[in-house]
Chemist: 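Just dropping this structure here.
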Amino acid sequence: MQSNTSGQDEADTSTNKAVLKVAVSGPFLTPLDYLDCDNLTETPEMWPRLIGRRVEIPFRNRSLIAIVVAVAPADYALEKIKTILRWIDEEPILHPQDLTFLQWVSDYYHAPMGEVINTALPKRIRGGEEASIHGHDVWTITALGREQLQNLPAKAKAKRALAEQFLTCETPLNREICKAQTASWRKFVNEWLDLGWVSQTSGPCWQEAVAVPGPQHALNSEQQSAVDQVVSHVRSGDGFASFLLQGITGSGKTEVYLAMVEHVLEMGRQVLILVPEIGLTPQMIQRFSAHLQRPIALMHSAMNDTQRHCAWHSVRSGEVSVLMGTRSAVFAPFKDLGLCIIDEEHDTSYKQQDGVRYSARDILVRRAHQLQVPIVLGSATPSLESLFNVDQQRYRLLTLNRRAGTAKPPKIRLIDIRGEKIQEGVGAKLKAAMQKHLQAGQQVLLFLNRRGFAPVLMCHECGWQAQCPSCDANMTLHQGSYHQYLLCHHCGEQMNLPESCPQCGSEELHTVGQGTERLEETIVEWFPEKTVLRIDRDSTRLKGKMEELTQQAQKGEADILIGTQMLAKGHHFPKVTLVGLLDIDQGLFSCDYRATERMAQLLLQVAGRAGRAEDEGEVLVQTHHPQHPLLLKLINEGYGAFAEAALAERKEAHLPPWRFQCLVRCEAHNAQDALDFLNSLKAGLELQWQTLQQESADTVLELWGPVSAPMMRRQGRYRYQLMLASDSRPKLHQLLTLMLPHIYQSPLARKVRWNLDIDPQDMY
DNA sequence: AGCACGCCGACT
DNA sequence: GTCGGCGTGCTC
């Protein structure tokens with residue numbers, strides 16, 4: 001390994017000519033050097049206006065679009081530096097504060113700037129399209145038109161109808177409105193344009209209409225106090241502060257957000273609201289739009305490139321003041337951002353799991369800090385990290401403990417199912433409770449976090465199990481509409497059921513365990529006169545199906561709801577009074593130390609679905625471990641006590657948030673290649689750590705591995721990982737900064753797929 | 001990551 | 001004699 005830290009050839013020292021530093025996405029740790037086709041780099045005063053603009057560059061034998069991130073002396077041999085083909089933007093597309101933020105993300109996650117920019121920009125912008133985007137044309141009546149259009153001949157009925165529309169409507173007319181008046185609208189509008197009676201402008205690119213205002217709820221004292229604390233901070237211009245808003249389900253967090261947003265909008269500033277992937281429901285958008293009475297830009301995975309581009313441009317130009325979006329919206333540019341909100345901050349969908357593995361929550365806190373604006377992190381069940389930050393006085397705690405209206409918190413009880421024969425997954429006590437609640441005409445929700453019919457297909461004779469050919473995992477049996485089939489939930493591999501056991505030829509193939517499909521079958525059998533609705537990824541695959549099913553459930557058209565965790569988040573089922581959790585035991589003893597935290601959060605989320613109206617809710621939790629100390633803590637003393645105990649356990653075990661981790665993952669078709677890469681990396685890290693320790697030897701570094709990933713083979717690749725942990729985040733980062741150029745240059749690295757996961761959330 | 005170059009087997 | 005297999009190596 002060489003010790004060339006820039007990863008570049010030595011520059012000719014006789015020249016320090018300034019060149020463009022261009023962030024290209026690819027295996028480059030640092031930006032690449034290019035000469036300017038217009039020689040704008042000759043004038044230092046111009047430099048600030050060059051940084052943040054897109055350029056088209058020659059790259060090998062093709063051309064790419066990339067961003068200028070700096071103007072500085074060349075690091076590369078001058079004769080090898082190529083000249084850019086053209087400037088795409090006249091003005092920077094990324095402003096200094098955006099670049100500072102992206103640079104911080106690049107440094108923190110040790111990801112090349114080109115990759116970070118790629119993650120941050122919408123595809124259209126990455127592809128070189130113009131930054132601004134306009135919707136369809138709209139027309140406004142002019143002063144002259146106002147005089148003339150009243151005096152149209154009586155017999156020109158169609159024309160008069162359109163004119164009437166122009167005279168009465170206060171906002172510009174679009175083609176839909178005009179078309180509704182007369183089929184010849186285009187001819188008339190063109191005629192009036194020529195006469196100067198109407199004028200044409202570009203309308204906004206979004207189509208979302210502002211919802212009709214709904215009833216306003218007065219805030220209770222708790223809510224008002226939370227709003228006041230944040231708003232007073234905004235008003236005083238004190239800059240950055242982070243608040244953890246901990247409010248139990250039904251305590252009205254959304255009203256608090258709305259009141260805060262309202263105040264910030266009044267000041268003429270913008271707001272960013274991050275929501276989990278599943279949380280961006282039409283009801284949520286409707287609620288914000290109806291309350292705020294202004295258009296809201298959206299950004300989520302179901303949107304197409306045009307819609308993303310539109311949202312991006314609308315907030316950048318300041319035309320729209322509120323952006324609500326999932327993870328990737330954290331990168332949206334703003335003209336004048338005044339407040340950041342992140343709802344359900346504990347949700348795992350905020351962590352990107354491929355490419356640049358960023359945590360939208362963590363980097364939003366940083367962004368708020370850079371922009372000197374407050375941030376509110378909301379949750380009923382905050383992450384241990386955030387509670388830790390409250391303890392460390394980095395976050396200020398705001399609590400909401402009162403449920404709105406008369407609703408009481410549900411009673412949660414553990415049901416010991418040890419020794420009970422429960423082939424159908426529902427024990428006798430839960431079944432009895434279901435009967436009671438159903439007889440009273442109420443809804444029941446059964447939660448089972450396992451989709452499909454059965455997780456295992458097994459030969460009764462020899463014990464053979466249907467395995468995925470490309471993963472170390474069982475294939476799940478699914479009951480399709482026409483036939484049964486086997487599906488791997490990890491790689492999507494699908495196949496038909498074998499007629500007989502491939503190992504011994506026996507025809508005694510049995511299904512073991514239960515998924516939501518089998519549960520549905522059983523429940524329909526038990527309660528034939530009741531309507532059963534199953535809501536999981538399979539039953540909601542079709543577009544709009546999720547909406548349809550949840551609305552059906554909310555209207556009370558179903559008696560029994562069966563669902564996976566997608567049912568637990570963001571939906572209100574006012575008639576549900578009994579919630580049954582069928583199997584939470586996987587969460588108690590997992591190799592992933594975060595599993596208990598997840599289990600607790602999910603349990604309370606699901607429990608929160610019960611008894612939101614007047615009727616008191618009941619929650620029954622089936623478990624084989626009724627004595628599990630953390631589970632008991634959660635049920636008897638609540639989430640706060642659970643979190644405190646869990647944090648103490650983490651401290652004892654030297655785990656985050658007490659320690660800082662980085663996971664190096666590696667996969668290859670050949671297992672040895674992956675192991676070689678990680679072993680060589682480990683040796684390099686040990687060596688570099690020694691040099692770091694020479695300055696001050698007061699910190700700990702633990703290297704754990706290489707070990708195989710919990711699922712060693714996935715999609716035909718062998719997967720290994722090396723865990724780094726330290727009690728000093730700066731030291732850990734220094735170590736990675738020292739090590740990274742070596743990794744990029746290592747020939748071993750090119751034979752495998754590897755990535756860094758800073759603050760890993762999952763071990764899979 | 002792509003994409004060309006390069007050096008060996010089965011085909012018109 | 002060629003077409004094409006995917007190993008190796010480079011991109012400012």
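Only heavy atoms go into these numbers, but all of them, side chains included; no hydrogens, no water, no symmetry mates. Here is how names work: the chains are called A, B, and so on, in the same order as the sequence lines, proteins then strands, and each is numbered from 1.
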Chemist: Can you confirm whether the side chains of A/Ser383 and A/Glu597 place a donor and an acceptor under 3.5 Å from each other?
Modeler: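 Checked: A/Ser383/A/Glu597 side chains show no N/O donor-acceptor pair below 3.5 Å.
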Chemist: How many Å lie between CD1 on A/Ile57 and C1' on C/dT11, as a whole number?
Modeler: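 My rounded result for the distance is 10 Å.
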Chemist: For the pair made of CZ in A/Phe59 and C1' in C/dT11, what is the distance, rounded to whole Å?
Modeler: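 Interatomic distance, CZ of A/Phe59 to C1' of C/dT11: 4 Å.
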Chemist: Atom CG of A/Leu748 to atom P of C/dT8: distance rounded to whole Å?
Modeler: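 Spelled out: CG on A/Leu748 to P on C/dT8 is 12 Å.
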Chemist: Could you state the atom-to-atom distance from CZ of A/Arg753 to C1' of B/dA1 in whole Å?
Modeler: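 Those two atoms, CZ and C1', are 11 Å apart.
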Chemist: So what does A/Arg750 touch, heavy atoms closer than 4.0 Å: a base, only the sugar-phosphate, or nothing?
Modeler: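 Nothing, no nucleic acid heavy atom in range.
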Chemist: Determine the contact category for A/Pro747: base if any of its heavy atoms lies under 4.0 Å from a base atom, sugar-phosphate if only primed atoms, P, OP1 or OP2 are that close, otherwise nothing.
Modeler: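 A/Pro747: no heavy atom of the nucleic acid under 4.0 Å.
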Chemist: Of the options B/dA4, C/dC10, C/dT11, whose atoms approach the side-chain atoms of A/Pro27 most closely?
Modeler: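 Side chain of A/Pro27 sits closest to C/dT11.
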Chemist: Is any side-chain nitrogen or oxygen of A/Lys82 closer than 4.0 Å to OP1 or OP2 of C/dC12?
Modeler: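 It does, given that an N or O in the side chain of A/Lys82 lies less than 4.0 Å from OP1 or OP2 of C/dC12.
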Chemist: Rounded to whole Å, how long is the line connecting atom CG of A/Leu29 with atom C1' of B/dA1?
Modeler: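 These atoms are roughly 15 Å apart.
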Chemist: I would like to know whether A/Leu298 and A/His300 meet side chain to side chain contact (heavy atoms under 4.5 Å, CB included); could you show each step before the answer?
Modeler: CA-CA 7 Å; A/Leu298 303 175; A/His300 55 86; 4.2 Å; yes
Chemist: What's A/Tyr34 touching, base or sugar-phosphate or nothing? Going by heavy atoms closer than 4.0 Å.
Modeler: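 Contact class for A/Tyr34: sugar-phosphate only.
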Chemist: Tell me whether the rings of A/Tyr358 and A/Phe331 are parallel (<30°), tilted (30 to 60°) or perpendicular (>60°).
Modeler: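 Plane angle over 60°, so perpendicular.
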Chemist: Of the nucleotides B/dC3, C/dC10, C/dC12, which one has an atom closest to the side chain of A/Asn61?
Modeler: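 Among B/dC3, C/dC10, C/dC12, the one nearest the side chain of A/Asn61 is B/dC3.
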Chemist: In whole Å, I'd like the distance from the CD atom of A/Glu79 to the P atom of C/dT11.
Modeler: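 Taking CD of A/Glu79 and P of C/dT11, I get 12 Å after rounding.
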Chemist: Check the distance between B/dA1's P and A/Tyr744's OH and give it to me in whole angstrom.
Modeler: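 After rounding, the gap between these two atoms is 10 Å.
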Chemist: Examine distances only and state if a side-chain atom of A/Arg327 and a backbone atom of A/Ser349 form a donor-acceptor pair shorter than 3.5 Å.
Modeler: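 A pair under 3.5 Å: yes.
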Chemist: Name the orientation class of the two ring planes belonging to A/Trp104 and A/Tyr109 (parallel below 30°, tilted from 30 to 60°, perpendicular beyond 60°).
Modeler: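 Ring orientation, 0 to 90° scale: perpendicular.
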Chemist: Whole angstrom is fine here: how far is it from CD in A/Glu56 over to C1' in C/dC12?
Modeler: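 So the two atoms are 16 Å apart, to the nearest Å.
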